[in-house]
Amino acid sequence: QVQLVESGGGLVQAGASLRLSCAASSPTFSDYTIGWFRQAPREEREFVAAVSPIGSSTYYADSVKGRFTISRDNAKNMVYQDMKTVKVEDTAGYYCAADTTQRQAFNTAPMDSLRYDYWGQGTQVTVSA
């Protein structure tokens, strides 16, 4: 059982920066691919970014590439998402997710939500114009 707890969301103005955090409770956290997803009201869940188990590889959605940075600190069981130059369209609930099955290599569809078997409760990010 893995628990994921997101934090860091809030109300910010467009152009601001924000850091989201995801705390995981698992002694084998460093074995897992971790992803960030987001979901806006009346929209489907959308992939944002993913990081490989040891943090050596990352993958981003085109919509956030160059603005968001995903990173992890396995010693602290933490994953971060640094968001810069946020836009109104970044408004959404943000969720971190863990792939504990280790059935797929990181580069095999890291954007596929079906590969992630544990999810956090989410943190809301609202960007005002």
Side-chain angles (χ1 to χ4, degrees):
Q1 191 87 9
V2 178
Q3 287 190 321
L4 302 170
V5 179
E6 303 92 336
S7 61
L11 174 63
V12 295
Q13 287 191 322
S17 297
L18 199 64
R19 167 174 267 205
L20 303 184
S21 299
C22 173
S25 63
S26 172
T28 55
F29 173 74
S30 61
D31 291 341
Y32 309 150
T33 288
I34 302 293
W36 281 100
F37 290 79
R38 66 186 181 186
Q39 187 166 19
R42 298 175 298 279
E43 299 286 338
E44 292 188 356
R45 184 167 52 194
E46 175 188 28
F47 168 78
V48 178
V51 61
S52 62
I54 62 171
S56 55
S57 298
T58 56
Y59 188 81
Y60 297 93
D62 288 343
S63 58
V64 306
K65 202 172 293 183
R67 299 189 299 121
F68 290 12
T69 302
I70 188 171
S71 61
R72 66 192 296 164
D73 184 341
N74 285 342
K76 296 181 179 179
N77 277 19
M78 296 290 295
V79 173
Y80 306 100
Q81 179 164 274
D82 290 298
M83 305 165 61
K84 296 181 180 179
T85 320
V86 294
K87 304 176 181 180
V88 172
E89 50 264 42
D90 293 324
T91 295
Y94 283 74
Y95 302 85
C96 67
D99 171 12
T100 70
T101 66
Q102 303 172 57
R103 293 196 192 107
Q104 301 178 71
F106 172 74
N107 289 330
T108 303
M111 76 294 288
D112 184 0
S113 63
L114 294 178
R115 71 177 287 173
Y116 298 91
D117 51 334
Y118 287 94
W119 294 78
Q121 293 299 306
T123 185
Q124 178 68 31
V125 173
T126 302
V127 183
S128 62

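Numbers here are sequence positions counted from 1.
For Gln39, the CD atom is densely surrounded, since the number of other residues' heavy atoms within 6.0 Å is greater than 12. The neighbour count for Phe47 CZ, taken as heavy atoms of other residues, nucleotides or ligands under 6.0 Å away, is above 12. The number of heavy-atom neighbours closer than 6.0 Å to CG of Leu11, taken from other residues, nucleotides and ligands shown, is above 12. The neighbour count for Gln3 CD, taken as heavy atoms of other residues, nucleotides or ligands under 6.0 Å away, does not exceed 12.
Of the possible polar contacts, none joining the Gln121 side chain to the Glu6 backbone as a donor-acceptor pair under 3.5 Å is found. For Asn77 (side chain) and Ser26 (main-chain N/O), a donor-acceptor pair under 3.5 Å exists by modelled atom type. The backbone N or O of Val127 lies less than 3.5 Å from a partner atom in the side chain of Thr91, making a donor-acceptor pair.
Remark: Asp99 engages Thr101, Arg115 in a side chain to side chain donor-acceptor pair (under 3.5 Å) (not counting sequence neighbours).
Tyr118 and Thr100 form no side-chain donor-acceptor contact under 3.5 Å, judged by distance and modelled atom types alone.
The nearest pair of heavy atoms linking Pro110 to Ala50 is CB-CB, 3.9 Å. Closest approach of Arg67 to Asp90, counting heavy atoms only: NH1-OD2, 2.8 Å. For the pair Ala24 and Leu4, the tightest heavy-atom approach, listed with the atom from each and the gap, is CB-CD2, 3.6 Å. The two atoms that bring Gly120 and Tyr95 nearest to each other are O-CD2, 3.6 Å, heavy atoms only. Taking each heavy atom of Ile34 and Ala98 in turn, the nearest pair found is CD1-CB, 3.6 Å. Residues Thr85 and Ser17 come closest through the heavy atom pair N-OG, 4.4 Å.
Cluster annotation: Phe37 and Phe106 are assigned to the same hydrophobic cluster (Ile/Leu/Val/Met/Phe/Trp/Tyr, side-chain heavy-atom contacts under 4.5 Å, transitive). Taken together through direct or relayed side-chain contacts under 4.5 Å among Ile, Leu, Val, Met, Phe, Trp and Tyr, Tyr94 and Val86 form part of one hydrophobic cluster. In terms of hydrophobic clustering, with Ile, Leu, Val, Met, Phe, Trp and Tyr side chains grouped at heavy-atom distances under 4.5 Å, Val64 and Met83 are assigned to a common cluster. Hydrophobic clustering keeps Trp119 apart from Leu20 (ILVMFWY residues linked when any side-chain heavy atoms are closer than 4.5 Å, directly or through intermediates). Under a hydrophobic clustering in which Ile, Leu, Val, Met, Phe, Trp and Tyr are joined whenever their side-chain heavy atoms come within less than 4.5 Å, directly or via other members, Phe29 and Tyr80 fall into different clusters.
At least one side-chain heavy atom of Pro53 sits under 4.5 Å from a side-chain heavy atom of Thr33. Side-chain atoms of Thr69 and Tyr60, non-hydrogen and from C-beta on, do get closer than 4.5 Å to each other.
Taking CD1 from Ile70 and OG from Ser57, the interatomic distance works out to 11.5 Å, rounded to the nearest 0.5 Å. From Asn107, atom CG reaches atom OH of Tyr59 across 9.5 Å, with rounding to the nearest 0.5 Å.
Identified under the disulfide (SG to SG under 2.5 Å) test for residues 2-58, with sequence neighbours left out: Cys22-Cys96. Annotation: salt bridge (charged side-chain N to carboxylate O under 4.0 Å, His left out) contacts involving residues 73-89, sequence neighbours excluded, comprise Arg19-Asp82.
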Full working for side chain to side chain contact (heavy atoms under 4.5 Å, CB included) between Glu44 and Ser113 | CA-CA 11 Å; Glu44 292 188 356; Ser113 63; over 6 Å; no
